[in-house]
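Structure first, then comments.
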Amino acid sequence: MRSHSCGDLRSDAIDSTVLLSGWVDRRRDHGGVIFIDLRDRSGTVQITVDPDLGAEAFAVAEHLRNETVLQVEGRVRARPDESRNERLATGEVEVLAQRLKVLNAPSRNLPFAVSVHDDEQVREELRLRHRYLDLRRERMRRNLSLRHQTVQTARRFLEDEGFIEVETPVLTRSTPEGARDYLVPSRVCGGEWFALPQSPQLFKQLLMVGGLERYYQVARCFRDEDLRADRQPEFTQLDMEMSFLDQEQILDLNERLIARIWKVVKGVELPLPLPRMTWHEAMERYGTDRPDTRYGMELVGVSDIVADMGFKVFSGAVAAGGSVKCITVPGGNDKVSNVRIKPGGDVFSEAQKAGAGGLAFIRVRDGGEIDTIGAIKDNLSDEKKAELLQRTGAEPGSLILFGAGDTATVNKALDRVRQYLAKELELVPAEAWNFLWVVDFPMFEFNADENRLEALHHPFCAANPEDLGDDPAQWSERLPKARAQAYDLVLNGLELGGGSLRIHDAALQNQVLQTIGLAQEEAQEQFGFLLEALEMGAPPHGGIAFGLDRMVMLLAGEESIRDTIAFPKTQQARCLMTSAPGGASDKQLEELHVASTWVEPEEN
RNA sequence: GGGACCGUAGUUCAACCGGUUAGAGCACCGCCCUGUCACGGCGGAAGUUGCGGGUUCGAAUCCCGUCGGUCCCGCCA
């Protein structure tokens with residue numbers, strides 16, 4: 001059907017006869033001569049149709065619509081000097097058509113133009129409904145190619161490092177904790193259900209027990225939770241697990257993997273090793289476990305300065321065991337008005353969305369004078385004022401925004417405001433790749449609703465041996481306060497992946513399960529097979545998983561992972577193209593031993 | 001479950017404080033044009049303003065409901 005790809009033709013092909021197949025991207029009819037931009041996956045080339053050189057081909061060219069599937073036979077020739085197109089990769093040449101054959105012509109108006117002006121966005125609903133058309137467009141073609149390149153680079157790297165790609169089951173069983181499962185009824189085992197995996201976590205550990213030593217998988221994962229721009233009900237992880245490596249070695253291997261991907265895909269040389277920060281420091285300085293380090297405005301704790309002052313909002317927060325922290329917005333006096341910080345304002349609303357009641361603020365004027373409400377000004381001694389300015393590094397013109405309350409809320413609110421203002425005030429440098437390993441996560445966090453400790457990562461993370469000690473008798477006491485050997489890779493404030501060393505000792509694993517209040521029988525029922533396996537010579541092992549969709553999104557400069565997935569779902573977890581999910585017949589349900597309790601809402 | 005924004009011709013947008021025949025670019029159809037590349041020129045067709053209800057002399061516009069899409073909160077080991 002073809003001898004060459006459209007986008008590959010260069011001047012070295014001049015005078016050769018070529019056979020091309022592709023889509024009519026655009027047509028320019030000059031009456032005498034007709035130009036066709038013929039597009040295939042590789043790119044676009046100009047076809048020139050001259051009536052003097054074939055009346056038959058000219059007659060076909062006269063009635064071509066965009067997106068006609070066309071086969072062209074012709075001779076490559078150099079374009080006249082004045083007609084070269086430098087914006088086109090194939091702009092040196094054109095194909096003089098000798099024969100045109102319509103392979104397929106669209107028989108209706110297309111729902112949107114494939115070849116479209118850059119500044120013209122198409123409604124996403126239409127793009128999703130007719131995804132096959134959307135995939136023809138440059139943007140999606142580029143994104144999917146980039147995704148392919150990312151995966152292939154990872155595969156080659158891991159191949160060289162001795163990893164084996166293994167597939168794990170999609171029909172499996174529900175794993176403890178975590179998100180809502182997608183369930184699949186079993187026909188053969190009546191009344192029982194498969195769960196689709198939220199991740200291959202247990203299987204990859206069992207592969208290590210199985211002696212595979214180094215495993216990876218481009219693994220589809222399923223979580224039945226509400227969607228976001230960076231969340232889909234099914235998504236892909238680059239999932240890895242390895243034996244006989246300590247945390248240092250795992251981090252080293254993975255940052256070399258990431259550096260290789262960025263080198264191949266973006267041509268960017270990442271300086272290794274990547275920076276690191278403890279979880280504790282991240283929470284202190286950024287209020288989040290995934291700090292965006294591309295800009296400043298770090299959180300500064302001032303609880304000690306304001307603990308005793310007469311301003312109740314501040315002193316009360318500290319007295320109640322919470323804290324007072326602030327961020328300093330350089331030049332914020334001019335850029336952020338009072339109205340925006342007070343109720344109804346955009347900055348206020350960001351803080352509120354994070355659960356804060358509001359934001360106190362101080363404007364720093366010339367000579368270090370502060371401009372704020374009386375309740376703060378009147379209660380702040382000159383000494384404390386000086387200390388505040390010194391610690392925040394606030395200059396004249398700076399705006400200091402305060403959060404006060406329980407520490408978690410303060411962190412969350414200031415983190416959110418910081419990110420919002422950085423975007424709003426355009427403080428985020430373009431083209432920055434700020435990677436950061438966040439390490440030393442705590443093993444557990446307290447769940448106030450259920451009044452119990454909860455695994456921060458998952459209950460199979462290994463504890464830091466220093467924190468745990470050698471004496472098993474002390475584990476129950478030391479474990480709750482221990483740090484985990486867990487790590488997240490953060491890029492520009494987004495979590496790119498995370499992992500940990502795992503527990504390979506059955507006794508310790510049981511201790512962890514006890515700590516999170518999981519009963520023995522319950523644990524046996526849910527993943528007894530793992531506990532059993534740990535008793536049969538499990539090697540020390542650990543792993544990591546990267547969110548592939550998110551990684552590609554960042555590499556592609558997109559803002560939604562939908563633009564990195566060939567056939568994504570909407571926020572209602574529906575596929576607009578296939579209309580999935582759909583109904584099932586009574587017969588199907590009966591065979592599955594399932595009855596639906598769904599009741600159609602009444603009309604009117 | 002909650003909050004916000006959006007839905008007008010095939011498509012991207014416009015239509016002022018509710019006002020008389022809902023406009024424009026691209027695409028489509030017809031005619032003209034031999035070097036364009038977002039070609040150009042002339043003409044034409046194309047609309048149940050997502051859907052349902054209400055207010056009004058009059059609704060694309062205001063109100064209520066509903067469907068769909070997006071962003072966010074909750075949720076997401």
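Hydrogens, waters and symmetry mates are skipped; everything else that's a heavy atom, side chains included, is used. Protein chains get the first letters and strands the later ones, always in sequence-line order, with residue 1 at the start of each. As the structure is a computational prediction, the values presented were derived from the model and not from experiment.
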Listed nucleotide nearest any side-chain atom of [X], set [options]:
| X | options | answer |
| --- | --- | --- |
| A/R228 | B/C72, B/G68, B/G10 | B/C72 |
| A/L126 | B/U70, B/G35, B/U11 | B/U11 |
| A/E225 | B/U36, B/C75, B/U34 | B/C75 |
| A/D226 | B/C76, B/G35, B/C75 | B/C75 |
| A/Q572 | B/G69, B/U11, B/G10 | B/G69 |
| A/R231 | B/C37, B/C75, B/C71 | B/C75 |
| A/R123 | B/U36, B/G7, B/C37 | B/G7 |
| A/S83 | B/U34, B/G74, B/C37 | B/C37 |
| A/Q46 | B/U34, B/U36, B/U70 | B/U36 |
| A/N85 | B/G69, B/C39, B/C37 | B/C37 |

Stacking of A/F112 on B/U11 base (centres under 5.5 Å, planes under 30°): no
Centroid distance under 5.5 Å and plane angle under 30°, A/H30 vs B/U36: no
For [N], which nucleotide is its Watson-Crick or G-U wobble mate, given both distances must be under 3.5 Å?
| N | answer |
| --- | --- |
| B/G35 | none |
| B/C57 | B/G19 |
| B/G74 | none |
| B/G30 | B/C42 |

Taking [M] as the reference, what is the distance to [N] when you measure between their [atom1] atoms (whole Å, please)?
| N | M | atom1 | result |
| --- | --- | --- | --- |
| B/G25 | B/G65 | C1' | 36 Å |
| B/U21 | B/G40 | C1' | 31 Å |
| B/G74 | B/A14 | C1' | 38 Å |
| B/A24 | B/C31 | P | 23 Å |
| B/G30 | B/A45 | C1' | 10 Å |
| B/G58 | B/U48 | P | 23 Å |
| B/C33 | B/G41 | C1' | 8 Å |
| B/U66 | B/A22 | P | 31 Å |

Tabulated below should be each protein N or O lying under 3.5 Å from an N or O of nucleotides 22-25 of chain B; please produce it.
residue: B/G25; atom: N2; partner: A/E120; partner atom: OE2; Å: 3.4

Salt bridge A/E241-A/R502, side-chain N to carboxylate O under 4.0 Å: yes
A/D467 with A/R483: basic N within carboxylate O range, under 4.0 Å: yes
Residues [X] and [Y]: side-chain donor-acceptor under 3.5 angstrom:
| X | Y | result |
| --- | --- | --- |
| A/T90 | A/Q46 | no |
| A/Q201 | A/Q205 | yes |
| A/S349 | A/D346 | no |
| A/D415 | A/Q419 | yes |
| A/Q232 | A/D549 | no |
| A/E94 | A/T48 | yes |
| A/Y286 | A/D292 | no |
| A/S115 | A/R26 | yes |
| A/Q198 | A/D181 | yes |

Position toward the 5' end of RNA chain B (nearest nucleotide), A/L227 or A/E124: A/E124
RNA chain B: 5'-proximal contact among A/D230 and A/R574 (nearest heavy atom): A/R574
Validation row, ring centre A/F529 to ring centre A/F203 under 6.0 Å: no
Sugar-phosphate only, base, or nothing, as touched by A/S199 at under 4.0 Å among non-hydrogen atoms: base
Touch class at under 4.0 angstrom, heavy-atom based, for A/D224 against every strand present: nothing
Atom pair CD/CG of A/E73 and A/L100 - distance to nearest 0.5 Å: 10.0 Å
Any A/R87 side-chain nitrogen or oxygen under 4.0 Å from OP1 or OP2 of B/A38: yes
Check: protein-nucleotides 41-48 of chain B nitrogen or oxygen pairs below 3.5 Å:
none

Syn or anti conformation of B/C29, syn meaning chi within 90° of 0: anti
Flag, side chain of A/R452 to backbone of A/I516, donor-acceptor distance under 3.5 Å: yes
Between C1' of B/U70 and CD of A/E559, the distance in whole Å: 12 Å
For RNA chain B, the residues among residues 479-502 of chain A that have a non-hydrogen atom under 4.0 Å from it: none
